Enquirer: 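One structure coming up, written as structure tokens, with questions to follow.
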Amino acid sequence: MFMLLFTLIQQVSEFSTSSEGREYAPPDSLLYYLVLIGSSIIVLGVVIFAVKWFVWPGEQSEDHIKRKILKDES
């Protein structure tokens, strides 16, 4: 039983490190790089605004829901 498990682990290891049967190469075109750059800019912008609005929400109105929740009821 142990020998079978050892053989299976060895085969999986050899398969995962070999390049046999894999013919993947990223597309090498201008459109690929434009989509990659555009999506990276969008993700970066979303992260920046999410952090900014989390740290400095900027809500100042007196009837905002946070004021109703945080209002001392005593």
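This one's a predicted model, so the numbers in the text were calculated from it and none came from an experiment.
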Enquirer: For residues 33-47, please give each side-chain donor-acceptor pair under 3.5 Å, one per line with the distance, not counting sequence neighbours.
Expert:
| unit_1 | atom_1 | unit_2 | atom_2 | d |
| --- | --- | --- | --- | --- |
| Ser39 | OG | Val35 | O | 2.9 |
| Ser39 | OG | Leu36 | O | 3.0 |
| Ser40 | OG | Leu36 | O | 2.7 |

Enquirer: Using a side-chain heavy atom cutoff under 4.5 Å and only I, L, V, M, F, W and Y, what cluster partners does Met3 have?
Expert: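 None, because no other hydrophobic side chain comes under 4.5 Å of this residue.
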Enquirer: Check ring pair (Phe, Tyr, Trp, His ring centres under 6.0 Å) between Phe54 and all other residues, then give those that pass, not counting sequence neighbours.
Expert: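 Ring pair (Phe, Tyr, Trp, His ring centres under 6.0 Å) list for Phe54, sorted by chain: empty.
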